[in-house]
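Reviewing the structure listed below.
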Amino acid sequence: MEKHEILKRSQEENQNGDEREQQIQTKSESFSRTLILLFLLVLTFFNFVKGLPVDHLLAVFWAGTAARYYYVFYKKHKKYDLLWGLIATFFCISNILSYLGVNS
């Protein structure tokens with residue numbers, strides 16, 4: 001195999017960045033999601049204690065959860081991921097309707 005052919009294959013394999021860059025990106029996204037979830041939980045707890053509505057915060061949580069499961073379903077085609085995505089979507093819509101006072 002010639003030097004140019006090896007270089008071309010390497011560039012094609014690393015089109016989306018090298019493995020280290022992808023790992024850093026994945027870990028940063030995971031850290032970000034964890035921090036957002038923690039922040040949502042803290043806000044939900046304080047709003048609940050103060051008697052303020054929490055449905056809008058829970059809707060954000062369920063929307064993120066649904067998006068995650070839909071993406072995993074898209075990539076892996078496992079039916080239980082679709083099921084969890086639909087369940088999370090149901091809770092998201094339910095929380096939005098509750099927040100808007102539609103199903104009171």
Show the atom names and distances, to 0.1 Å, of all donor-acceptor pairs under 3.5 Å that link a side chain in residues 57-74 to residues at least two apart or in another chain.
from, atom 1, to, atom 2, distance (Å)
Thr65, OG1, Phe61, O, 3.0
Tyr70, OH, Gly85, O, 3.2
Tyr70, OH, Thr89, OG1, 2.7

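Here the side chain of Ser32 pairs no donor or acceptor atom with the backbone of Ser28 at under 3.5 angstrom. Looking at Thr34, its side chain does come within 3.5 Å of a backbone N or O of Ser30 through a donor-acceptor pair. Side-chain atoms of Thr26 come within 3.5 Å of backbone N or O of Gln22 as a donor-acceptor pair.
No hydrogens or angles considered: a donor-acceptor pair under 3.5 Å links the side chains of Gln25 and Glu29.
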* To do: Report the C-alpha distance between Phe45 and Leu41 in whole Å, list the side-chain angles of each, state the deciding distance to 0.1 Å, and finish with yes or no for side chain to side chain contact (heavy atoms under 4.5 Å, CB included).
  => CA-CA 6 Å; Phe45 174 75; Leu41 288 173; over 6 Å; no
* Report the C-alpha distance between Ile24 and Arg20 in whole Å, list the side-chain angles of each, state the deciding distance to 0.1 Å, and finish with yes or no for side chain to side chain contact (heavy atoms under 4.5 Å, CB included). => CA-CA 6 Å; Ile24 289 171; Arg20 181 176 179 272; 3.7 Å; yes
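Residues Phe90 and Leu100 do not share a hydrophobic cluster, clusters being chains of Ile/Leu/Val/Met/Phe/Trp/Tyr side chains in contact below 4.5 Å. Note on Ile36: it clusters hydrophobically with Leu43, by side-chain heavy-atom contacts below 4.5 Å among ILVMFWY residues. At a threshold of 4.5 Å between side-chain heavy atoms, the hydrophobic network of Ile, Leu, Val, Met, Phe, Trp and Tyr places Val102 and Ile93 in one connected group. Phe48 and Val42 fall into different hydrophobic clusters, where Ile, Leu, Val, Met, Phe, Trp and Tyr are joined by side-chain heavy atoms under 4.5 Å apart, directly or via other members.
Taking OG1 of Thr44 as the reference point, atom CZ of Phe39 lies at 10.0 Å (rounded to 0.5 Å).
You'll find the side chain of Asn47 reaches within 4.5 Å of the side chain of His56, heavy atoms only.
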